[in-house]
Amino acid sequence: MTEQYPHELDGGMRQVVGIGRALSLNPSFIVCDEPVSSLDVSVQAKIINMLMRLQKERGISYLFISHDLSVVRHISDRICVMYLGQVVEMADTETIFANTLHPYSIALLSAVPRVSDTKVSRIVLKGDVPSPMNPKPGCRFAPRCWMARPECFETDPEFKEAEPGHYVRCFYHGQSREEMKSAETTGITD
């Protein structure tokens, strides 16, 4: 590898070099922005395992940014779900996957592929994504939310602790699990 030019390295080796450069400064905190996207699954696993090993050996904290929820679940202790640049839900990993409260988080998790013979309902989000450059007043997710009420379009909900260690930005988070049954879904067999 030391005899190669950067353009001669494959994607996995480029990631390893990038991580090595970050580690050369002996940091206690690293921002990992999509560190395994567009990599082969086996290469992803090697990079993730290396990051986790380095975390234990050096006591490094990561801010791990990814759209791949299976990777996020594997590597994270706590998860923040964001919508249009705003945190809408935050909790420990198991709570997010077992007891999601924000409607966007619920829709997001409904799209995670599962290995099973049963039919899975996936929530279909309607409407256009609002402009992140000029968000309208109110909840940013309201134009696409199946639970939205007039208040949601007028006032931005506070980011509150719904239960110990579980924070959510939604006026009606207590009803979200029940009301998700009214969301438009598509049945897909995995």
Modelled atom types, side-chain donor and acceptor of [X] and [Y], under 3.5 Å:
X: Asp68; Y: Ser70; value: yes
X: Asn134; Y: Ser131; value: no
X: Asp156; Y: Gln86; value: yes

Ignoring hydrogens and geometry, is there a side-chain-to-backbone donor-acceptor pair from [X] to [Y] under 3.5 Å?
X: Ser76; Y: Ile79; value: no
X: Arg169; Y: Glu158; value: no
X: Gln44; Y: Val36; value: yes
X: Glu89; Y: His102; value: yes

(request) Test the Arg144-Tyr104 pair against the cation-pi criterion, namely NZ or CZ under 6.0 angstrom from the six-membered ring centroid and within 45° of the ring axis. (result)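 Not satisfied by the 6.0 Å and 45° rule.
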(message) Using a 6.0 Å distance limit plus a 45 degree cone around the ring axis, check whether Arg149 lies over the aromatic ring of Phe171.
(response)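 No, Arg149 and Phe171 do not form such a contact.
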(message) Tell me whether the rings of Phe141 and Trp146 are parallel (<30°), tilted (30 to 60°) or perpendicular (>60°).
(response)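 If you compare the ring of Phe141 with that of Trp146, the planes turn out perpendicular.
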(request) Any chance you could pull the hydrophobic cluster mates of Val168, using side-chain heavy atoms under 4.5 angstrom and chaining through other members? (result)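 Same cluster as Val168: Leu101.
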(message) Please determine whether residues Met90 and Leu69 belong to a single hydrophobic cluster, defined as Ile, Leu, Val, Met, Phe, Trp and Tyr linked transitively by side-chain heavy-atom distances below 4.5 Å.
(response)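 Shared cluster, no.
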(request) For Tyr62 and Leu51, work out which heavy atoms get closest and say how close. (result)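 Closest approach of Tyr62 to Leu51: OH-O, 2.7 Å.
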(request) Before giving the answer on side chain to side chain donor-acceptor pair (under 3.5 Å), spell out for Glu161 and His166 the whole-Å C-alpha distance, their side-chain angles and the decisive distance to 0.1 Å. (result) CA-CA 6 Å; Glu161 190 171 27; His166 191 169; over 6 Å; no
(request) Evaluate whether atom CZ of Arg53 has more than 12 neighbouring non-hydrogen atoms of other residues, nucleotides or ligands under 6.0 angstrom away. (result)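 Yes, CZ of Arg53 has more than 12 neighbouring heavy atoms, counting only those of other groups under 6.0 Å.
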